[in-house]
J.: 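What follows is a structure written as structure tokens; I'll ask about it next.
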2 protein chains.
Amino acid sequence: MDDVEIDPDRLYDRFEEFNRIGATEQGGVNRPALSDANRSARDRLCEWFREAGLEVTIDEMGNVFGRREGERDDLPPVLIGSHVDSQYNGGQYDGVIGVLGGLEIVEALSDAGERTRRPIEVVSWSNEEGVRFQPDMLGSGVFAGAFDLEFALSRADGEGNTFGEELERIGYAGDEPCRPRDLHCYFELHVEQGPRLERRGLSVAAVEGVYGFAWLSVTFEGMADHAGPTPMHEREDALVAASDVVGAVRRLTASGGEDLVGTVGSLEVEPDAINVIPETVELTVDLRSHDDDVVSSAVDRIRREVEWAAEREGIDYRLEELMRIEPRTFDTDCVETVEAAIEAAGYEGTRLVSGAGHDASYLDDVCPTGMVFVPSLEGVSHRESEFTEWSDVVAGVEVLCEVVRQKAAE
Amino acid sequence: MDDVEIDPDRLYDRFEEFNRIGATEQGGVNRPALSDANRSARDRLCEWFREAGLEVTIDEMGNVFGRREGERDDLPPVLIGSHVDSQYNGGQYDGVIGVLGGLEIVEALSDAGERTRRPIEVVSWSNEEGVRFQPDMLGSGVFAGAFDLEFALSRADGEGNTFGEELERIGYAGDEPCRPRDLHCYFELHVEQGPRLERRGLSVAAVEGVYGFAWLSVTFEGMADHAGPTPMHEREDALVAASDVVGAVRRLTASGGEDLVGTVGSLEVEPDAINVIPETVELTVDLRSHDDDVVSSAVDRIRREVEWAAEREGIDYRLEELMRIEPRTFDTDCVETVEAAIEAAGYEGTRLVSGAGHDASYLDDVCPTGMVFVPSLEGVSHRESEFTEWSDVVAGVEVLCEVVRQKAAE
């Protein structure tokens with residue numbers, strides 16, 4: 001099986017051409033789900049799929065599949081892929097390398113004249129990022145049965161356009177049912193979005209699983225008064241309580257569990273005026289760990305911290321759990337197959353747990369699943385400056401190619 | 001001089017009619033400076049001024065003066081008034097009672113056939129609130145020489161319309177020069193905007209002066225990274241630093257000086273997403289005291305707290321002093337005249353220092369100045385629920401009427 005070689009230049013040329021679609025001035029891409037730029041990216045991808053001899057199928061969620069026949073075409077396929085939607089002004093690598101890498105793998109197989117026992121499918125999932133339509137990973141979520149199709153199609157963006165309407169508009173509302181089907185396995189190549197690989201000077205990693213997380217929404221309701229004449233002891237300042245929670249989240253990460261991370265990412269103040277005491281503050285809390293008990297304990301603690309902060313300031317609060325995703329531990333055989341392929345390709349191996357969610361998290365409900373990570377420079381992602389050394393992208397595709405050949409031979 | 005009596009019903013009818021202009025559903029008014037509603041309010045006021053026999057003058061800043069002749073019309077006048085612009089969805093009393101109260105006083109004098117030695121002028125200052133055009137108290141500020149006319153006319157609102165353009169648009173760009181002129185004294189009746197009078201069950205107070213204050217703008221520059229895969233020790237979270245400052249401001253008010261108040265009223269997070277570590281946080285600090293040294297020490301301490309918070313998180317910061325206003329101590333004779341009038345009218349007297357700035361703060365640069373406060377229910381102001389018992393409004397106008405008669409006789 002040594003004659004199958006991926007072509008780094010062909011892959012790079014496609015990567016370059018692809019990222020001209022929705023390119024931003026600072027070297028990123030702006031291709032949010034179902035935007036015009038996202039449609040152009042989908043169009044290009046389908047063209048390339050067809051040129052590579054793949055049979056293109058679009059499902060009801062606009063997930064795009066390109067299928068390469070197997071010798072035993074009746075067997076469940078090996079599925080590989082990721083997504084081509086981006087953050088607003090996001091980076092070039094996130095999602096794209098997994099889809100274009102998958103395409104490169106089937107082309108390399110065809111170049112080498114290698115037929116595989118099982119069919120291979122390359123997929124591009126809809127709305128992975130979740131910046132335009134919430135929740136994120138909507139395409140793979142419906143595919144895996146985590147969401148109803150109707151729920152997903154009715155999600156609206158900030159301007160009231162629904163996912164279903166926009167999917168029709170860009171011409172990607174397909175006929176193929178979007179629901180779980182028999183798959184032999186799923187593998188996803190993705191950038192790490194954290195700094196661990198780069199810090200350790202490694203090119204590629206086997207992903208063991210994905211952190212579980214909880215998303216909380218907290219609202220403090222104080223009293224807006226003039227910042228001058230209102231004595232300190234009469235104040236009901238929602239921002240003072242909110243700041244206590246920001247501090248509490250940070251402190252909790254030092255004691256709440258080995259791998260616990262916690263973030264207050266969004267915080268909004270009303271009326272937000274220099275001389276008015278904040279009346280309402282709405283903030284979010286993001287708590288993650290690979291240990292579900294750690295996430296649960298952290299949620300309990302933050303509930304109490306919110307209560308204490310409100311009581312300290314004498315104000316009201318509401319706390320809502322927006323999302324609670326259990327940690328994933330990928331199929332042992334899939335993880336070991338990736339590890340072995342890393343070693344076989346001559347790279348130093350390591351295992352990582354993903355702090356970010358991925359389409360692979362939902363696919364793990366459908367079939368044995370694994371992931372391959374390549375480094376993110378300084379851990380940066382979701383930004384135009386996101387960068388991965390090209391040799392590391394190539395390493396990731398090489399490893400995944402080897403994994404696919406093994407799995408497709410089963 | 002006992003035959004001059006203000007007419008509470010006439011005053012109330014005007015108050016009711018006036019507050020139908022720009023009325024909001026929740027019982028407030030929405031008449032920001034130079035808006036259409038502000039123009040209508042000005043039109044009505046000018047009408048009433050003329051009906052009351054006052055000579056109306058509009059100056060270059062759109063400040064509206066109504067003048068009642070004195071026996072010695074060459075002598076500098078007694079000036080009374082306040083403002084009729086409002087916050088967005090503000091209250092009915094703030095500013096309005098000082099202007100309509102002033103009008104009622106000259107009508108009461110005329111009803112009683114009382115001529116005064118000095119002329120009396122009633123004024124409505126432009127843009128006291130500063131919600132549409134910053135800084136606030138722009139009309140009285142230019143009048144007192146604190147700002148250049150050109151600076152004031154070039155101030156733009158959020159949509160880029162300048163104060164000068166909008167003043168022309170509503171027809172209130174007058175010819176009268178806006179600059180300091182000889183005034184015998186200035187008095188302003190206003191709601192307290194704090195809870196002290198209500199808490200003590202008092203109807204009216206003599207204002208000794210106005211708190212000085214400092215406004216700071218602080219920006220923390222961290223690094224936006226994914227809230228999942230970024231280890232805690234690699235984070236540069238601008239919101240964690242900002243929260244330290246919110247806490248530091250609150251703590252400082254317990255130790256920084258007897259009457260020190262401190263508020264973080266505005267705080268904005270970028271990119272403000274649930275799963276992204278905050279990169280940039282911009283916040284404001286409002287520090288006030290009647291003791292200028294206390295304000296200065298508080299500013300120094302917050303500068304250091306900002307530096308410490310940035311260093312703790314390993315991020316950059318910028319700190320800018322937006323405004324620094326020295327405390328005011330009003331003319332002793334003016335304050336004592338108000339006190340004596342309160343006593344003469346049969347109310348229990350007290351002195352207060354104003355936590356909020358007022359047009360009177362600038363007028364204090366031009367002539368001997370005093371103020372009369374009436375209670376604000378629960379200290380609420382700048383909100384639709386702002387309320388003052390009508391009997392207290394009347395008490396304030398009675399007291400001011402007595403003060404004006406004495407001063408106009410000098």
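Since the model is a prediction, treat every value here as computed from it, not as a measurement. Residue numbers begin at 1 in each chain, while the letters A, B, ... track the order of the sequences.
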J.: Between B/N275 and chain A, with a heavy-atom cut-off of 4.5 Å, which part of the residue counts as in contact: side chain, backbone, both or neither?
T.: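 Both parts, backbone and side chain.
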
J.: Heavy-atom count check: over 12 atoms from other residues, nucleotides or ligands less than 6.0 Å from A/E326 CD?
T.: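 Result for CD/A/E326: open.
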
J.: Does A/R301 have more than 12 heavy atoms from other residues, nucleotides or ligands lying within 6.0 Å of its CZ?
T.: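 Open.
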
J.: Relative to chain B, which segment of A/E234 carries a heavy atom at a distance below 4.5 Å: side chain, backbone, both, or neither?
T.: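 Interface part for A/E234: side chain.
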
J.: Among the options A/G194, A/G357, A/A227, pick out the one with the most heavy-atom pairs lying under 4.5 Å from chain B.
T.: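 Of the candidates given, the most pairs with chain B belong to A/A227.
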
J.: Once rounded to the nearest 0.5 Å, what's the spacing between atom CE of B/M232 and atom CG of A/L252?
T.: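 With rounding to 0.5 Å, CE (B/M232) is 9.5 Å from CG (A/L252).
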
J.: With a 4.5 angstrom heavy-atom cut-off, is it the side chain or the backbone of A/E279 that approaches chain B, or both, or neither?
T.: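 For A/E279, the side chain is the part near chain B, not the backbone.
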
J.: Do any of residues 205-214 of chain A come closer than 4.5 Å to chain B, heavy atom to heavy atom, and if so which ones, in number order?
T.: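 Residues in range: none.
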
J.: Around B/Q134, counting heavy atoms of other residues, nucleotides and ligands shown, do more than 12 lie under 6.0 Å from its CD?
T.: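 More than 12 heavy atoms, drawn from other residues, nucleotides or ligands, come within 6.0 Å of this atom.
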
J.: Of the listed residues (A/V245, A/V131, A/V261, A/V269), which shares the most heavy-atom pairs with chain B below a 4.5 Å separation?
T.: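 If we count pairs closer than 4.5 Å to chain B, A/V261 comes out on top.
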
J.: Who among A/R196, A/E192, A/R199 has the most heavy-atom pairs with chain B under 4.5 Å?
T.: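 Looking at each option in turn, the highest pair count goes to A/R199.
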
J.: Are side-chain heavy atoms of A/L322 and B/I274 found at a separation under 4.5 Å?
T.: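 Yes - at least one pair of side-chain heavy atoms lies under 4.5 Å apart.
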
J.: Quick one: pull up CG in A/D286 and CD1 in B/I277 and give me the separation to the nearest 0.5 Å.
T.: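 So the gap between those two atoms works out to 9.0 Å.
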
J.: With a 4.5 angstrom heavy-atom cut-off, which part of A/E313 approaches chain B: side chain, backbone, both or neither?
T.: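 Only the side chain of A/E313 comes within 4.5 Å of chain B.
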
J.: Who among A/L267, A/D237, A/V249 has the most heavy-atom pairs with chain B under 4.5 Å?
T.: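 If we count pairs closer than 4.5 Å to chain B, A/L267 comes out on top.
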
J.: Would you give the length of the straight line joining atom OG1 of A/T230 to atom CD of B/E378, rounded to the nearest 0.5 angstrom?
T.: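 Answer rounded to 0.5 Å: 11.5 Å.
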
J.: Give every donor-acceptor pair under 3.5 Å between a side-chain atom in residues 216-223 of chain A and any protein atom, sequence neighbours left out.
T.:
| unit_1 | atom_1 | unit_2 | atom_2 | d |
| --- | --- | --- | --- | --- |
| A/E221 | OE1 | A/T280 | OG1 | 3.1 |

J.: Is it the backbone or the side chain of A/A273 that comes under 4.5 Å from a heavy atom of chain B, or both, or neither?
T.: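 Just its backbone gets close to chain B.
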
J.: Taking every heavy-atom pair that is under 4.5 Å apart, which of A/T284, A/D272, A/T263 has the most such pairs with chain B?
T.: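 Going by pairs under 4.5 Å, I would pick A/D272.
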
J.: Is a donor from one side chain sitting under 3.5 angstrom from an acceptor on the other, for A/R250 and B/S243?
T.: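 There is no such pair (donor and acceptor under 3.5 Å, judged by atom type) between the side chains of A/R250 and B/S243.
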
J.: Closest heavy-atom contact between B/P195 and A/P231?
T.: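 Closest heavy-atom pair between B/P195 and A/P231: CD-CD, 3.4 Å.
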
J.: Show the nearest heavy-atom pair for residues A/H226 and B/S381, with the distance to one decimal.
T.: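 Minimum heavy-atom contact is CB-OG, 3.9 Å.
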
J.: Name the option with the most non-hydrogen atom pairs under 4.5 Å to chain B; the candidates are A/L239, A/D259, A/D136.
T.: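 Between A/L239, A/D259, A/D136, the count favours A/L239.
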
J.: If every non-hydrogen atom of A/V264 is compared with every non-hydrogen atom of B/P278, which pair is closest and at what distance?
T.: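 Scanning both residues, the minimum pair turns out to be O-CG, 3.3 Å.
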
